[in-house]
Structures are given as structure tokens and as C-alpha cells.
Amino acid sequence: MVFDLDMIKKVYEKYPERIAAARQMVGRPLTLSEKILYAHLWDGNATSAFERGKSYVDFAPDRVAMQDATAQMALLQFMQAGKKKVAVPSTVHADHLIQAKVGATKDLQESLNQNNEVFNFLSSISNKYGIGFWKPGAGIIHQVVLENYAFPGGMMIGTDSHTVNAGGLGMVAIGVGGADAVDVMAGMAWELKFPKLIGVKLTGKLNGWTSAKDVILKVADILTVKGGTGAIVEYFGEGAISLSCTGKGTICNMGAEIGATTSTFGYDESMRRYLIATGREEVVKAADAIAEHLTGDAEVYAAPQYYFDEVIEINLNELEPHVNGPFTPDRGTPISKMRAEAEANGWPTKVEWGLIGSCTNSSYEDLARAASIVQQAVDNGIEPKAEFGINPGSEQVRYTAERDGILAAFEKMGTKIFTNACGPCIGQWDRAGAEKQEKNTIVHSFNRNFSKRADGNPNTHAFVTSPEMVAALAITGDLGFNPLTDTITNSKGEQVKLTAPVGDELPKKGFAVEDNGYQAPAEDGSAVEIKVAPDSSRLQLLDNFPIWDGKNIEHARLLIKVKGKCTTDHISMAGPWLKYRGHLDNISNNLLIGAENAFNGKANEVKNQLSGEFGEVPAVQRAYKAAGVPSIVVGDHNYGEGSSREHAAMEPRHLGVCAVIVKSFARIHETNLKKQGMLGLTFSNEADYDKIQENDTFNFVDLVDFAPGKPLTLELCHDNGTTESIQLNHTYNAQQIDWFKAGSALNLIKLSQN
Ligand code: MIC
Ligand code: SF4
């Protein structure tokens with residue numbers, strides 16, 4: 001079955017005219033990213049050219065995807081928007097709340113027992129509002145989207161930063177907070193700053209041990225975790241065409257790790273093959289009819305330096321397998337240098353676990369290639385030195401991989417096959433012994449490796465690599481093992497050299513599945529009642545955030561000045577806290593507990609200015625709230641990097657923080673703060689960060705004049721009696737200032753309903 005074929009055809013019908021209009025306005029050949037963006041303007045045909053990195057533009061995305069951990073808050077907000085049905089095709093995927101412990105069957109049952117209330121809520125609210133629901137065990141959101149919904153030239157948003165995975169099928173797919181999803185589901189325009197464009201030209205062809213993952217590991221190494229901020233990364237060249245569609249998905253997926261708005265590839269043969277293999281010949285037919293519009297213009301790819309803001313070239317012939325980490329996905333090390341790097345940095349080289357899965361690398365091809373390594377170990381009598389776990393990307397992938405003997409190869413090596421879900425990637429991993437907090441190394445095929453992410457142990461050194469490299473490193477139990485040059489000793493004492501991985505891009509016998517886990521919504525859901533128990537610890541209906549009183553904020557205190565990396569995992573931790581994603585007050589108890597206090601170097605220990613005592617961040621903030629004292633949070637660079645979770649913005653808002661002032665923001669988090677009616681500001685002069693002292697009080701002296709393009713002034717009153725003023729920049733446009741004034745974007749939607 002092809003989902004929403006009519007919608008896809010309608011999008012394609014508009015393409016020729018929209019592209020012609022864009023061409024005329026822009027006045028030069030177009031990149032693919034521009035074509036997709038201009039084809040999705042809310043106002044129809046382009047009437048002017050937009051300035052990249054400057055113009056705020058209203059778009060009309062074709063669809064919305066949400067996962068269970070973020071959908072709860074998104075849909076709690078949607079409930080308040082007063083709509084009968086979602087305005088565009090939308091889906092919810094139950095994938096984040098399932099723990100990996102002993103293996104799929106038991107783990108899934110356990111998760112159903114524990115999360116029943118939330119799954120029932122998501123299932124019934126989806127049913128009510130016309131949203132497709134993918135049940136627990138159906139698969140990871142981005143794999144399921146790629147297999148069923150993504151289409152070349154389409155535009156979608158999703159409440160998860162890795163929504164960008166759908167760029168593998170030539171979409172512009174963007175991760176957003178739930179409040180953005182509410183706009184689109186409520187039939188309103190969705191606003192985005194017109195992105196900058198980074199072109200990545202791929203020459204040559206992957207070979208031997210190198211895989212698509214290595215392309216993005218290399219790009220991450222070059223661009224770092226913030227190098228893609230505000231940009232779409234467009235891949236092209238013969239190397240791009242030679243990659244499989246799911247390989248392209250892997251590359252786009254991890255574009256989230258460099259802060260890119262999204263990444264994409266032009267429509268090509270690999271996409272045709274994938275669409276056909278997943279039962280979507282109809283989409284191929286429709287796409288073929290406008291194929292010229294579904295890729296960048298030839299002039300662009302011939303002379304990219306004139307059309308992109310930045311161009312990177314990577315020769316796939318020369319690319320080496322990479323292993324990135326620990327603690328950050330942009331620290332890249334080619335495998336030939338790993339032993340020396342690990343020794344120089346004191347990283348444990350003994351690998352304890354190898355994990356294959358996550359939305360990044362859980363395709364049929366990924367499992368097949370990794371299995372070919374595992375099979376060699378089995379055939380040669382090599383005992384694996386590390387433990388092994390797999391999360392297949394979807395039930396369709398799992399079922400097919402089982403049928404084709406791929407899972408059997410892993411099972412022979414004692415691998416745990418976990419549920420088709422996120423599992424360890426999001427800290428849903430009951431790893432035996434993690435509580436001992438021992439220093440150790442794990443390797444995985446995921447995208448993120450922030451401290452504590454997978455198992456909660458700050459001393460776990462997690463490294464990101466391709467599935468086939470995970471297999472090789474886990475088998476040898478040695479982080480420094482270079483399969484291109486090194487040998488392994490088998491049980492008979494012989495030296496064995498692994499041969500390079502092989503695996504079918506798509507199953508020769510086609511994909512198969514018995515129950516894909518999809519639940520279609522009711523035609524008319526108006527009678528469906530949504531129940532949220534008032535005493536539930538998991539779900540809580542939302543109250544409006546208070547509207548701005550129209551006055552300058554005075555006598556604010558410092559909740560915390562954060563030092564160094566502060567991802568959304570530091571602001572609103574996942575793992576055990578995922579269970580409160582639908583209960584704003586309960587989840588607020590994790591506010592900033594992972595962030596380092598710049599004054600004492602400790603996490604979750606800040607000075608309560610009312611009592612003079614030190615306490616945990618959420619408790620101190622609750623004390624300020626109870627006393628009616630406004631507060632601010634100060635942060636470093638790329639604040640809010642990582643996830644799209646809007647809890648990281650809603651929690652401080654709920655607890656009474658009024659402003660977050662940082663050196664720079666990650667895109668999604670900055671928007672989330674704006675949506676929730678907070679002030680997200682940056683130091684005009686970065687060095688002013690150093691002027692903020694623990695006992696300061698703060699006055700926003702010209703907030704009453706808050707206007708687009710006009711910096712704000714903050715007065716710092718130090719406890720020695722001196723004061724000084726600093727300038728704060730902001731990127732609020734007129735509408736976003738209205739969100740601030742109304743208390744939140746949602747408050748404004750509600751006002752417009754009355
Ligand atoms: C993640 O990978 O961190 C997550 C969990 O998928 C998040 C979403 C979330 O926090 O729920 C993401 O990437 O947006
Ligand atoms: Fe799930 Fe991990 Fe992908 Fe996030 S990155 S969607 S947690 S598999």
C-alpha cells in the first residue's frame with residue numbers, strides 16, 4: 001500500500017510552475033534544496049528571491065512525523081489548538097520508550113506493561129485527530145518514515161532531530177519542536193529562516209571497509225558539531241549517485257550532529273530501487289515525470305562554488321573507515337590512527353559492547369554487511385571478545401533479515417536481538433553493571449555519543465562507527481584493531497584476516513513482513529474521548545503560560561551559568577526521565593541537572609540567592625518561582641545542541657526562568673525557546689560571558705522596546721555595588737515577539753480561535 005499517494009501527486013503537479021517562478025526570481029540555476037524550498041512556499045509561486053541565512057520564510061510542509069517521547073507534548077499542545085483533525089498527513093511512532101535488556105519479546109512486553117498509559121494516550125489521540133499510529137515494536141520513526149512516507153522533492157517536519165534521515169530519499173525533512181508541529185497540523189504556515197547551503201561533492205566510490213557512515217563521520221570531523229548550523233547540506237557527484245538509498249539516509253541522518261537544518265540528495269537510481277523494493281512503484285512513476293526538478297541543475301553541480309555558501313569535496317576512493325568519539329560525534333579518527341590516539345588520550349582500548357542499530361544504521365544493508373563479518377568469525381572459530389546487541393530499524397527489516405538468515409548469523413555469536421526501537425541509543429538500556437561507573441569503552445553505529453547517553457555511566461567512552469566496523473571491533477574487543485591490516489587469532493591459534501564486508505543493498509527476495517504494526521486512524525474521530533487522569537504521574541494537561549506583563553524584567557537572579565558543552569541531554573536528560581515526557585511538572589525536576597556550574601565545576605549544585613545555600617538546580621529554581629523572583633540561565637556555545645525535545649525549553653519556562661543568554665544557540669532549541677515565550681538571547685560581545693558573576697542581579701532595561709533587529713540591554717548589578725551594562729542580540733522577528741508577548745506561540749493560536 002502506498003500512503004498518501006494523492007498528496008504526493010498534488011505536490012508534483014505544482015512543481016513545474018513553482019520551479020519556473022523560482023528560477024525567474026532567483027535568476028540563476030537552482031540547487032535541489034532551493035527547488036524543494038521554493039516549491040513549498042506557503043504563499044504559492046515565488047514573488048521574490050530570499051536571502052539565505054536572513055529571510056524568515058513561511059513554508060507549507062507536506063507531512064509531520066512524531067515519536068512517542070516528543071509526541072506527547074506535541075499532541076497535548078495540539079489538543080488546545082481547537083482543531084478537529086490534522087491538516088496534513090501525520091504519524092506517531094512508538095519507539096523511544098522501549099528498553100533494551102534481555103531481548104525483543106520480553107523487553108517489548110515489559111515496556112507495554114510500564115508505558116501502557118502513554119501508549120494508550122498516543123493511540124487514542126492519534127485515532128481522534130486522524131493521525132497514523134505505529135505501535136510499539138513497529139520500528140524506529142525515521143526508518144519507518146523512509147520505508148513508507150518519504151518521497152523525492154517532498155518537505156516534512158518531525159518532532160525529532162533525526163527527521164533529516166528522509167533526505168536519503170531526496171526530501172527536505174527538518175527536525176522541530178512540538179510547537180512547530182502543532183502549527184503545521186493546525187493548518188498554519190511553518191516558518192524557517194531561509195537556510196544557507198553547503199555543497200558536498202562526492203567523487204570516487206566506496207570500497208572495502210568504507211561505508212556511507214564514514215562519509216558523514218568525515219564531514220562531522222571537518223565541520224564540527226556546529227559547522228552546519230542554519231544550513232542545508234546538499235550532496236552530489238558520482239560518489240553520491242553510487243551510494244544506496246539507505247546509505248544516503250545514514251549520511252543525512254547524522255547531519256543533525258553537525259547542527260545542519262537538514263541534508264539531501266538528488267533523485268536517482270538508488271532511490272528508484274528503494275521505492276520499488278518498498279512497494280512504491282506509483283511514486284517512482286510520478287517522480288519520473290518531473291525528475292528534472294528533483295535534483296539540482298547541472299550548472300550547479302558543475303561549478304558548485306558559485307551556488308553554495310561553502311563546498312566540501314570528499315573522494316570516496318580514499319576515504320578510510322572512521323571511528324568518532326568519545327563523548328562527541330565530531331571527534332573523528334581514521335581507524336589506522338586509532339591505537340595511537342587511544343593510547344595518547346587514555347581511552348580504554350578494550351571494547352566491552354558492540355551495538356548495531358538506531359535510526360542511523362539499522363537498514364537491511366547495514367545488518368547484512370555487519371552479518372558478513374560476524375559470519376566470518378563464526379566460520380573461523382573466533383570467539384567474540386565483547387558483547388553484542390542489535391536493534392533492527394523496523395519490523396519489515398527484522399522480519400526480512402530473519403528470513404534471509406542474517407539474524408541467525410548474529411545469534412550464533414550470542415548477540416542479543418533487541419526490539420525494533422531506539423533502545424540503547426536513547427539511554428533505554430538496562431546495561432548490567434553500569435551503576436558501578438567503571439571506565440570502559442563501547443562502540444556503536446548510532447549518531448550520538450554524549451556522556452552518559454547510552455548507559456548513564458559518565459565513564460563509558462562511546463565511539464560511533466559503521467555497523468561493519470562495530471562488528472569487527474566487538475569481535476576483537478579491541479578499539480585499535482584495523483581490519484584492513486591486522487589479523488585475529490582464532491581458537492586454534494591461527495591468524496585470520498577478515499575480508500571486507502559484503503551485503504545486499506536490498507533483499508534479493510524482496511521485503512516481507514507479517515504485521516508491520518500500523519494502526520490507521522478512524523475516519524471520523526470526533527467521538528473518541530481523550531482521557532488524562534488528574535493524578536497521573538505520566539501525563540498532565542497543559543496550562544497556559546502567563547502572558548508578558550508589558551514591563552521590563554527587574555531584579556532577576558542567576559539560576560546557573562553553564563560552562564562548556566550543554567546539549568539538550570544536559571538540559572533535560574533522557575533515559576529514566578523519558579517516562580515524564582508527557583508531564584511537564586514532573587519532568588521539570590530534571591532541569592539542567594547535567595550542566596556544569598561555571599562557578600564550582602559541579603553538576604546540579606547551584607547557589608540559592610535567597611537562602612545563600614547550595615541546592616539542586618530544579619529545587620533552587622522552584623524556590624525562586626515560589627518567591628516570585630525571575631531568573632536567567634547563562635550558557636556557552638551551541639547551547640541546546642542535539643535533540644529537538646522542547647521540554648528543554650518548556651521546563652525552564654514552567655519553572656519561571658525568563659531568559660536564556662548564551663554565546664550561541666543550536667537552531668531547534670533557539671526556536672523552541674521562542675515558541676514557549678522565553679527570551680533566547682546571545683551576547684553581542686562573547687567575552688561578556690565572563691562578566692556574569694554568581695551573586696549578580698539583572699535588569700532588562702529596554703525590554704519594553706523589544707523590536708526586530710534591535711539589541712536589548714542588560715544591566716548587571718554586582719554584589720560589590722558596581723553595575724555595568726551589556727548588549728544582547730536576538731533574532732526575533734515581529735511574529736516571534738508576539739509569541740513572547742502572548743506568553744507562547746500556542747497562546748497566540750488560542751487567541752486567534754476566539
Ligand atoms: C535523540 O536522539 O536525542 C532523540 C531522543 O531522538 C531526540 C528526541 C527526543 O529527545 O525525544 C531527538 O533527537 O530529537
Ligand atoms: Fe531514536 Fe536514537 Fe534515532 Fe533518536 S537518534 S530517533 S533515540 S534511534
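Given the structure is predicted, the values throughout are model-derived calculations rather than measurements. The first residue of the sequence shown is numbered 1, and numbering continues consecutively from there. Atoms considered below: every heavy atom in the structure, side chains included; atoms not considered: hydrogens, waters and symmetry mates. For ligands, and for the atoms within them, numbers begin at 1 and follow the listed sequence.
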(message) Is a donor from one side chain sitting under 3.5 angstrom from an acceptor on the other, for T360 and N447?
(response) yes
(message) I need the nearest protein heavy-atom contact for atom 7 (C) of ligand 1: residue, atom name and distance, please.
(response) S643 OG, 3.3 Å
(request) With rounding to the nearest 0.5 Å, note down the distance linking CD1 in I356 to NE2 in H444. (result) 12.0 Å
(message) If you compare all heavy atoms of A100 against all heavy atoms of P424, which two are closest, and at what distance to 0.1 Å?
(response) CB-CD, 3.7 Å
(request) Could you tell me which atoms of ligand 2, counted from 1 in the order shown, lie closer than 4.0 angstrom to a heavy atom of S358? (result) 8 (S)
(request) Consider every N or O of R581 and every N or O of ligand 1, then say whether any pair is closer than 3.5 Å. (result) yes
(request) If you have a sec, work out which protein heavy atom is nearest atom 2 (O) of ligand 1 and how many Å separate them, to one decimal? (result) R453 NH2, 2.7 Å
(request) Could you tell me whether R453 approaches ligand 2 through its side chain, its backbone, both or neither, with non-hydrogen atoms closer than 4.0 Å? (result) side chain
(message) Starting from atom 13 (O) of ligand 1, what is the nearest protein heavy atom, named by residue and atom, and what distance separates them?
(response) S161 OG, 2.5 Å
(request) Check D95 against ligand 2 and report side chain, backbone, both or neither, counting heavy atoms closer than 4.0 Å. (result) neither
(message) Does the residue M254 have a heavy-atom contact with ligand 2, meaning some pair of atoms that are separated by less than 4.0 Å?
(response) no
(message) Can you classify the ring geometry of Y639 versus H669 as parallel (below 30°), tilted (30 to 60°) or perpendicular (above 60°)?
(response) tilted
(request) Could you list which atoms of ligand 1 come closer than 4.0 Å to a heavy atom of H96? (result) 4 (C), 5 (C), 6 (O)
(message) Show the atoms of ligand 2 that are less than 4.0 angstrom away from any heavy atom in H142.
(response) 6 (S)
(request) Distance to 0.1 Å, residue and atom name: give those for the protein heavy atom nearest to atom 8 (S) of ligand 2. (result) C359 N, 3.2 Å
(request) Would you mind listing which atoms of ligand 2 come within a distance below 4.0 Å of any non-hydrogen atom of N447? (result) 5 (S)
(request) Scan N165, D160, N253 and name whichever one has a side chain to side chain donor-acceptor pair (under 3.5 Å) with H142. (result) D160
(request) Using a strict 4.0 Å threshold on nitrogen-to-oxygen distance, state whether D569 and R645 make a salt bridge. (result) yes
(message) Consider side chain to side chain donor-acceptor pair (under 3.5 Å). Of R448, K226, K565, which one does E641 pass it with?
(response) K565
(message) We want to know whether E110 and Q114 form a side-chain donor-acceptor pair, criterion being a heavy-atom distance below 3.5 angstrom.
(response) yes
(request) Would you please say whether a donor-acceptor pair under 3.5 Å links the side chains of E395 and N420? (result) yes
(message) Regarding H96, does it place an N, O or S atom less than 2.8 Å from atom 2 (Fe) of ligand 2?
(response) no
(request) Report the member of S644, C425, G642 with the shortest heavy-atom distance to atom 2 (Fe) of ligand 2. (result) C425
(message) Distance under 4.0 Å to a non-hydrogen atom of H162: what atoms of ligand 2 satisfy this?
(response) 4 (Fe), 5 (S)
(message) Show me which atoms of ligand 1 lie under 4.0 Å from any heavy atom of S644.
(response) 12 (C), 14 (O)
(request) Between D160 and ligand 1, find which residue part has any heavy-atom pair under 4.0 Å and reply side chain, backbone, both or neither. (result) both
(request) Give the residue and atom name of whichever protein heavy atom lies nearest to atom 1 (Fe) of ligand 2, and the separation in Å to one decimal. (result) C422 SG, 2.4 Å
(message) Does the plane of the ring in Y518 sit parallel, tilted or perpendicular to the ring in W134? Use 30° and 60° as the thresholds.
(response) tilted
(message) Using a 4.0 Å cut-off to any heavy atom of A69, which atoms of ligand 1 qualify?
(response) 11 (O)
(request) Please write down residue, atom name and distance for the protein heavy atom closest to atom 10 (O) of ligand 1. (result) R645 NE, 2.5 Å
(request) Taking all non-hydrogen atoms of both residues into account, name the closest pair between M573 and G594 and its distance. (result) CE-CA, 4.2 Å
(message) Any salt bridge linking R398 with E402? Criterion: basic side-chain nitrogen under 4.0 Å from a carboxylate oxygen.
(response) yes
(request) Hey, could you give me the OG/CG distance between S588 and N590, rounded to the nearest 0.5 Å? (result) 7.5 Å
(message) For F327 and H461, take the angle between the two ring planes, folded into 0 to 90°, and tell me which bin it lands in: parallel under 30, tilted 30 to 60, perpendicular over 60.
(response) tilted
(request) Specify the protein heavy atom at minimum distance from atom 3 (O) of ligand 1: its residue, its atom name, and the distance to 0.1 Å. (result) R448 NH1, 2.8 Å
(message) Distance under 4.0 Å to a non-hydrogen atom of T70: what atoms of ligand 1 satisfy this?
(response) 9 (C), 11 (O)
(request) May I ask whether Q67 has any heavy atom positioned less than 4.0 angstrom from an atom of ligand 1? (result) yes
